[in-house]
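Since the structure comes first, as structure tokens, the remarks are kept for the end.
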Amino acid sequence: MAKQFIRSKETYGYRRIWYCLMKQGFTYCQETVRRLMTSMGLKVTLYSSKSHYHSYRGHMGKTAPNLSTSAI
């Protein structure tokens with residue numbers, strides 16, 4: 001399993017590794033492959049560092065004073 005992961009240049013997740021094992025004749029369920037990969041420290045890091053949209057730009061411009069209490 002680790003050889004297949006390294007051979008894929010660390011881009012195969014547990015589903016693709018599971019499929020490769022199925023083609024080789026091993027009959028493990030996907031959850032077992034996922035647990036084994038987690039315990040062995042095999043994790044795809046290439047695609048997981050996507051940046052997310054952040055609309056917050058901090059304090060911009062001037063804030064008008066609150067005149068609702070002094071207008072009455």
Side-chain angles (χ1 to χ4, degrees):
M1 185 180 332
K3 286 181 184 178
Q4 187 67 34
F5 183 75
I6 293 168
R7 213 178 289 144
S8 72
K9 298 178 183 163
E10 301 182 5
T11 58
Y12 279 13
Y14 74 94
R15 291 182 184 129
R16 287 169 122 181
I17 297 291
W18 171 78
Y19 185 70
C20 291
L21 291 173
M22 288 280 293
K23 287 190 342 188
Q24 293 175 3
F26 295 99
T27 55
Y28 298 116
C29 68
Q30 286 186 6
E31 190 166 333
T32 304
V33 174
R34 184 173 54 83
R35 275 196 221 125
L36 285 171
M37 286 182 68
T38 304
S39 66
M40 294 168 71
L42 305 176
K43 184 178 179 182
V44 179
T45 57
L46 181 66
Y47 305 114
S48 61
S49 63
K50 293 183 180 177
S51 64
H52 300 283
Y53 175 73
H54 301 288
S55 63
Y56 180 72
R57 294 185 181 180
H59 181 73
M60 296 182 65
K62 295 180 181 178
T63 305
N66 188 3
L67 300 176
S68 64
T69 57
S70 62
I72 298 177

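Values reported hereafter were calculated over all heavy atoms of this structure, with side chains retained and with hydrogens, waters and symmetry mates removed. For this chain, numbers begin at 1 and follow the sequence in order. What you see is a predicted model; the values in this text were computed from it and never measured.
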Handout entry: side-chain contact (heavy atoms from CB on, under 4.5 Å) evaluation trace for Val44 with Phe5
Key = CA-CA 9 Å; Val44 179; Phe5 183 75; 4.0 Å; yes
Give the table of side-chain donor-acceptor pairs shorter than 3.5 Å for residues 54-63, with sequence neighbours excluded, one pair per line with atom names and distance.
residue, atom, partner, partner atom, Å
His54, NE2, His52, O, 3.4
His59, NE2, Gly61, O, 3.3

Please list every donor-acceptor pair under 3.5 Å in which a side-chain atom of residues 21-35 meets a protein atom from a residue at least two apart or in another chain.
residue, atom, partner, partner atom, Å
Glu31, OE2, Arg35, NH2, 2.7

Problem - hydrophobic_cluster_shared for Met37 and Ile6, side chain cutoff 4.5 Å - result: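 In one cluster with Ile6: Met37, no.
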Exercise for the section: Would you list the pairs meeting side-chain hydrogen bond (donor to acceptor under 3.5 Å, both in side chains) in which at least one residue belongs to residues 1-11, sequence neighbours left out? Expected result: Gln4-Arg7
